[in-house]
Undergrad: 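Please find one structure pasted underneath; my questions will follow.
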Amino acid sequence: MKIVLISHSNMAVGMKDTLNMIVGDDKNVLAFAAYINGSTAEIQKVKDLVENNQSEQFIVLTDLLGGSVNNEMMQLLENNKNIRLVTGMNLPLAMQLQLKAATTEKINDEDLNQIINESKQALANVKNLLVEKRMNEDDQIL
């Protein structure tokens, strides 16, 4: 299984660098920076990778729903059963996928949906969390 991070500019490459630091380098996590200087070469590399390796599962993470990178990757869904596409990538999502991929050969839709839902929990307005924490602490004093 391969996890492919692909984004406009260098977001995916930076995320891969951070994954290497936190989780460890994994040769099955690939990062592509699309549209640098207008180049579509990285888009084509991912398409070729998926289309030429039909026995390999690919989990492709893109940066933005409706963005050109995601739209290009959506084209792969039509003729390739070996790809799962997730947009709105974030570090918790990528980390969980990398850790799950280390223990299994393929990720099914149920596992993928669970990982997506868990990664959503990492999004928070920290100010609200602090207010909630203070309220809980005040309740404990009474």
Side-chain angles (χ1 to χ4, degrees), residues 1-140:
M1 173 184 352
K2 302 277 188 222
I3 299 168
V4 176
L5 312 174
I6 184 166
S7 66
H8 295 86
S9 195
N10 291 306
M11 178 184 176
V13 174
M15 191 171 294
K16 167 74 169 136
D17 289 343
T18 303
L19 283 170
N20 289 350
M21 184 183 79
I22 296 172
V23 182
D25 192 11
D26 186 337
K27 302 301 180 206
N28 292 315
V29 178
L30 310 171
F32 298 89
Y35 301 119
I36 293 181
N37 298 321
S39 173
T40 59
E42 298 298 289
I43 296 284
Q44 192 58 50
K45 284 181 188 176
V46 174
K47 287 181 174 183
D48 291 344
L49 189 65
V50 170
E51 291 170 347
N52 295 327
N53 295 283
Q54 289 294 312
S55 63
E56 183 89 51
Q57 183 184 37
F58 292 89
I59 309 290
V60 177
L61 306 183
T62 65
D63 53 356
L64 184 64
L65 179 63
S68 53
V69 173
N70 188 69
N71 291 343
E72 289 284 346
M73 294 300 104
M74 284 177 64
Q75 294 174 10
L76 288 169
L77 294 172
E78 290 180 34
N79 298 317
N80 299 283
K81 304 267 189 241
N82 61 331
I83 179 175
R84 302 288 184 275
L85 179 61
V86 180
T87 192
M89 72 176 163
N90 63 27
L91 189 59
L93 172 67
M95 286 174 60
Q96 289 183 60
L97 284 170
Q98 182 176 344
L99 292 169
K100 181 74 172 176
T103 62
T104 187
E105 285 185 33
K106 292 194 179 213
I107 293 178
N108 62 38
D109 287 334
E110 183 179 325
D111 289 338
L112 182 58
N113 290 336
Q114 180 179 348
I115 290 168
I116 291 168
N117 287 329
E118 289 171 4
S119 73
K120 289 178 185 178
Q121 301 304 311
L123 297 173
N125 181 338
V126 177
K127 182 178 178 183
N128 292 348
L129 294 176
L130 292 174
V131 168
E132 185 178 308
K133 180 179 182 228
R134 285 188 196 122
M135 289 175 60
N136 287 338
E137 288 172 353
D138 289 345
D139 287 347
Q140 292 174 5

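FYI, the numbering just counts along the sequence from 1.
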Undergrad: Among V4, L61, V46, which residue meets the side-chain contact (heavy atoms from CB on, under 4.5 Å) test with M73?
TA: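 That would be V46.
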Undergrad: Any side-chain heavy-atom pair from Y35 and T40 closer than 4.5 angstrom?
TA: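 They are in contact (side-chain heavy atoms under 4.5 Å apart), so the answer is yes.
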Undergrad: Taking the side chain as every heavy atom from C-beta outward, state whether D63 and I6 have any atom pair closer than 4.5 Å.
TA: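 No, every pair of side-chain atoms sits at 4.5 Å or beyond.
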Undergrad: Distance only, no hydrogens: is a donor on one side chain within 3.5 Å (strictly under) of an acceptor on the other, for K47 and Q75?
TA: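 The answer is yes; a qualifying pair exists.
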Undergrad: Do K45 and E42 sit within salt-bridge range, that is, some charged N less than 4.0 Å from a carboxylate O?
TA: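 The answer is yes: the pair qualifies as a salt bridge.
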Undergrad: Checking side-chain polar atoms at under 3.5 Å, does Q121 have a donor or acceptor matched by the opposite partner on N117?
TA: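 No - no donor-acceptor pair under 3.5 Å links their side chains.
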Undergrad: Would you mind reporting whether I115 and L93 have side-chain heavy atoms less than 4.5 Å apart?
TA: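 Answer yes - side chains close enough.
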Undergrad: Hey, are E110 and Q114 close enough side-chain-wise for a donor-acceptor pair under 3.5 Å?
TA: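 No, because no side-chain N or O of Q114 sits under 3.5 Å from a partner of the opposite role on E110.
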Undergrad: Verify, without hydrogens or angle tests, whether N80 (side chain) and I83 (backbone) share a donor-acceptor contact under 3.5 angstrom.
TA: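 No: the side chain of N80 does not pair with the backbone of I83.
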Undergrad: Between T18 and G14, is there a donor-acceptor pair closer than 3.5 Å when you use the side chain of the first and the backbone of the second?
TA: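 Looks like yes, one N/O pair under 3.5 Å.
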Undergrad: For V29, is there any backbone N or O sitting under 3.5 Å from a side-chain donor or acceptor partner on K16?
TA: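 Judged by distance alone, yes, a pair lies under 3.5 Å.
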Undergrad: Kindly say whether A101 contributes a backbone atom to a donor-acceptor pair with the side chain of E105 at under 3.5 angstrom?
TA: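 Side chain of E105 to backbone of A101, a donor-acceptor pair under 3.5 Å: no, none is there.
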Undergrad: Does CE belonging to M1 count more than 12 external heavy atoms closer than 6.0 Å?
TA: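 Yes - once you tally the heavy atoms of other residues, nucleotides and ligands closer than 6.0 Å, there are more than 12.
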Undergrad: State whether a side-chain donor-acceptor pair under 3.5 Å links T62 with N70.
TA: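 Distance-only check passes for T62 and N70.
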Undergrad: Between N82 (side chain only) and E56 (backbone N and O only), is there a donor and an acceptor less than 3.5 Å apart?
TA: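 Here the side-chain-to-backbone pair exists.
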Undergrad: Can we say D111 and R84 salt-bridge, meaning some charged N sits less than 4.0 Å from an Asp/Glu carboxylate O?
TA: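 Not counted as a salt bridge, because no side-chain N and carboxylate O are separated by less than 4.0 Å.
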Undergrad: Begin from the C-alpha positions of Q44 and D48 and carry the test side-chain hydrogen bond (donor to acceptor under 3.5 Å, both in side chains) through to its verdict.
TA: CA-CA 6 Å; Q44 192 58 50; D48 291 344; 2.8 Å; yes
Undergrad: So which heavy atom on L112 is nearest to which on I107, and how close?
TA: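 Taking every non-hydrogen atom into account, N-CG2, 3.7 Å.
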